Amino acid sequence: MPAVSKGDGMRGLAVFISDIRNCKSKEAEIKRINKELANIRSKFKGDKALDGYSKKKYVCKLLFIFLLGHDIDFGHMEAVNLLSSNKYTEKQIGYLFISVLVNSNSELIRLINNAIKNDLASRNPTFMCLALHCIANVGSREMGEAFAADIPRILVAGDSMDSVKQSAALCLLRLYKASPDLVPMGEWTARVVHLLNDQHMGVVTAAVSLITCLCKKNPDDFKTCISLAVSRLSRIVSSASTDLQDYTYYFVPAPWLSVKLLRLLQCYPPPEDAAVKGRLVECLETVLNKAQEPPKSKKVQHSNAKNAILFETISLIIHYDSEPNLLVRACNQLGQFLQHRETNLRYLALESMCTLASSEFSHEAVKTHIDTVINALKTERDVSVRQRAADLLYAMCDRSNAKQIVSEMLRYLETADYAIREEIVLKVAILAEKYAVDYSWYVDTILNLIRIAGDYVSEEVWYRVLQIVTNRDDVQGYAAKTVFEALQAPACHENMVKVGGYILGEFGNLIAGDPRSSPPVQFSLLHSKFHLCSVATRALLLSTYIKFINLFPETKATIQGVLRAGSQLRNADVELQQRAVEYLTLSSVASTDVLATVLEEMPPFPERESSILAKLKRKKGPGAASALDDGRRDPSSNDINGGVEPTPSTVSTPSPSADLLGLRAAPPPAAPPASAGAGNLLVDVFDGPAAQPSLGPTPEEAFLSELEPPAPESPMALLADPAPAADPGPEDIGPPIPEADELLNKFVCKNNGVLFENQLLQIGVKSEFRQNLGRMYLFYGNKTSVQFQNFSPTVVHPGDLQTHILSGLGQPPTKRVAAQVDGGAQVQQVLNIECLRDFLTPPLLSLPVTINKFFQPTEMAAQDFFQRWKQLSLPQQEAQKIFKANHPMDAEVTKAKLLGFGSALLDNVDPNPENFVGAGIIQTKALQVGCLLRLEPNAQAQMYRLTLRTSKEPVSRHLCELLAQQF
């Protein structure tokens, strides 16, 4: 509002304002305002016509009353009438009233538009600016439709004044932000770019703001602005503070324009023209050099303007990510700010370094400041700065410093602010998983995390550790031992009880040999926590108890007594009551085989995106997703198996019935097909000529995509072909690759696991064998969010395969699966297998069917063992191999692998208790092959000697090779 003075002629307005300020109470103010409103209303409705001065005065009073918070429902027409005045002050008050009080849907908009159109055509720069300001302030769609075509013409007109160009650029920017579709792109777009060369700095500043907004949607139309922006920026950066006196702010030339130009350049990749790029690099180096110069003023305005340009320059350097020298210099410059006395600068430095840490060129430079960042995490007073420090530690973490960073974050977690504890917990869990040197360290870290911040450990975190332990055989024994020790603490968090209950229920048998962790001790320890836990945890523990009955039959009576107790059978919670009744009945009526089938070990979880990382992205917001994904992918990072949460709703693997081979019943049905989808993605993965996704091939991808036709001497071949159209024959399959044996070896001593996985598809396998019969479940999981269509895996077996291993058992060996697989869903295929005679070469498509799968464990006394051992003394019946251990020599792990191999372990047979002795019979339809084995570990030399004796020479050699590769 224009200033009011005694000589202005609006003395009545000054008196009214003075009266309002002198009111002693709210009631007095309202009384005075009502009196004035009545007077103004009578003046507007009077018979005497008001002149321009009176209208201006009364409209000013109404505007003042509105600004005090009172509603104004009249006077709008009088304000519109002021727009037609030729006096600047009257026109100014009219536009001001309309900008503040007129609604964008008002019926007066058409009258206002006519007045604005007249002013824009008047060529009076003052009136044109008032009209443009009004359009920008109101910004309605109707105004946009009326003037969107006129404003660009005014902007690029050669005879427009500089002030009009400024107003036109900012007005067009306002309309574009409100309704982008109303601003037509035309020939004016090329001309507006040349405003960057305008002599008037105000016009350039307004034009840069407009171009920056426009180019985000239409980058190609404004690509020519790059060279002009670099040229203008170069002139500003190289100028002295005296060159641009009107636009120099505390010895810093045109700081606002410099920042806007740097932001404009961030809308495009680095310039392709070498000269332009060289000039830009020179500008950026100049800004970095000036940052090292002593300040020309001690006032905060000087440092703020100087640092604003510096930080925007660093943002541009990070955006380009192509100049290693500049990136390192930017990192060093930010490192100086990490210990600056100004809190805002420390915050901005930490935030910028988080982005720098994702660049391969500057990551090592960022890591040199790790001690300073850790100190900031411990000593900063401002919680937002501490949070940025935690973010930077998370971003700079890699395999070389993961243990240090995780330990520091765990130490900080004990005293961290409650507002950021959950985020710290998520970050620690992700880093521990991603950079785990060994899985025992990962388990220790997560259990320590639960101990320190149990209340802030979300379900995603302890779900994740269960997934990883379930998917990794080599860590299950250690996890069971560690969680058993953690549960012995007097004060144990409920999340620790959940983890302990699950792990001991699945893998407690791996530590049951130690008297200190015998089955009764495990049960007593868990049950001592039962009454202190919530309903959900009690339900999990009841499931653990029924698992114990399967793992440890000696605990059956004790556990049945607990389930039979009145506190369980008559529990007020229906979930606990139902579990107790069903588990008690199951343990009482089911046979040992049925109980073992129903309560078998959980299968591996699908390998999908970490649920912890997904939660952290949701917590940080969509803008932080790219930073959290961390484009600086550590090539040595450890991707640990795991995916969806281990809840009943997400485990889609059905347990087979008590009829293990399903000879009396049909296979379990596959998932029902879903409707609608998009494209056949499987063709792109498996077909050579088709377009491949731009993803690095994994060994599993290569294994499935580069198969060879079975040679004439090859005993068998299985081929799964997902192509929807023609079924290519074996001649279309590519050559073999060396990774095949490695992929198959991991299934020699286990029957469940992930067979193949890429970013689109996961194939899991679950198999069971009895004598010479077997059944294999193949699970095809769609990892994308779209539907697979025409999905058709097919088993192709040449004639010679039938004579060795595969038979339909009187029914089709495979059952067709659903043709559609929903995003995130899983379908199942069942293969029935019969071993007709011994074989050496496994199926070529990495189906984990090896000869040891048909082992029948055989218990033998020591005397019978040695008698049979001597009978198999011919040189061709024995195979022996001495080899160096490839894995840690753990007796429990070795025992588990031998049992998984299929033979029975015989106790008290070998004179040396450190040795392992086993026996079994390989069952085929044609014959039976007896097998004895002896494994002698030498822990001091880290060596093994493995001896196998069978009644068939090729089988001895083959079994010896298979088993030796497991240690």
Side-chain angles (χ1 to χ4, degrees), residues 466 470 480 484 487 497-498 500-513 517-603 646-649 651 653-666 668 751-752 766 768-770 775 777 857 859 899 904:
L466 297 184
T470 302
F484 175 79
L487 288 173
V497 179
K498 293 177 182 177
Y502 183 96
I503 291 180
L504 293 180
E506 294 291 328
F507 314 112
N509 60 306
L510 299 178
I511 60 172
S517 56
S518 62
V521 175
Q522 291 185 39
F523 171 74
S524 300
L525 180 60
L526 282 176
H527 196 56
S528 66
K529 315 289 184 184
F530 185 88
H531 302 288
L532 304 175
C533 296
S534 65
V535 171
T537 306
R538 292 185 189 184
L540 186 148
L541 289 178
L542 288 179
S543 298
T544 300
Y545 296 167
I546 191 66
K547 288 264 189 177
F548 272 11
I549 293 179
N550 179 45
L551 292 176
F552 315 120
E554 63 268 29
T555 64
K556 181 175 182 179
T558 305
I559 293 175
Q560 283 183 333
V562 171
L563 296 175
R564 196 176 289 114
S567 60
Q568 302 302 334
L569 295 181
R570 292 189 292 275
N571 198 295
D573 185 86
V574 65
E575 175 67 21
L576 293 181
Q577 184 187 92
Q578 183 176 354
R579 289 198 184 210
V581 172
E582 291 180 355
Y583 290 163
L584 179 60
T585 305
L586 178 64
S587 65
S588 302
V589 304
S591 66
T592 305
D593 287 345
V594 172
L595 202 63
T597 302
V598 174
L599 303 174
E600 65 180 343
E601 182 180 310
M602 285 288 289
T647 60
S649 62
V651 179
T653 305
S655 296
S657 64
D659 179 15
L660 293 180
L661 294 182
L663 303 183
R664 301 184 300 275
N751 292 329
N752 305 333
K766 180 180 179 183
E768 51 198 359
F769 298 88
R770 178 184 290 174
R775 164 168 286 178
Y777 299 86
E859 297 290 340
L899 290 173

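Source: prediction; values computed, not measured.
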I want to check something: taking the side chain as every heavy atom from C-beta on, are Tyr545 and Leu541 in contact at a cut-off of under 4.5 Å? yes
Can you find a pair of side-chain heavy atoms, one from Tyr583 and one from Ile559, that are under 4.5 Å apart? no
Review point. Side chains of Ile546 and Asn550: does their closest heavy-atom pair fall under 4.5 Å?
Key: no
Nearest heavy-atom approach of Lys766 to Glu600 is NZ-OE2, 2.6 Å
Do Leu504 and Leu525 make a side-chain contact, defined as non-hydrogen atoms from C-beta onward lying under 4.5 Å apart? no
| query | Taking atom types as modelled, is there a side-chain donor on Ser543 or Tyr502 under 3.5 Å from an acceptor on the other? | reply | no
Tightest non-hydrogen contact, residues Leu576 and Ala539, listed as CD2-N, 3.4 Å
Taken in chain and number order and not counting sequence neighbours, the residues that satisfy salt bridge (charged side-chain N to carboxylate O under 4.0 Å, His left out) with Lys498 are none
Criterion side-chain contact (heavy atoms from CB on, under 4.5 Å) on Phe530 and Val497, from CA distance to verdict = CA-CA 9 Å; Phe530 185 88; Val497 179; over 6 Å; no
> Parallel under 30°, tilted from 30 to 60°, perpendicular over 60°: which one fits the rings of Phe523 and His527?
Replying inline: parallel
> Within a strict 4.5 Å, meaning less than it, do heavy atoms of the Leu526 and Phe548 side chains meet?
Replying inline: yes
Across all chains, not counting sequence neighbours, the side chain to side chain donor-acceptor pair (under 3.5 Å) partners of Glu582 are Gln578
In this structure, CG of Leu586 is separated from CD1 of Ile549 (nearest 0.5 Å) by 8.0 Å
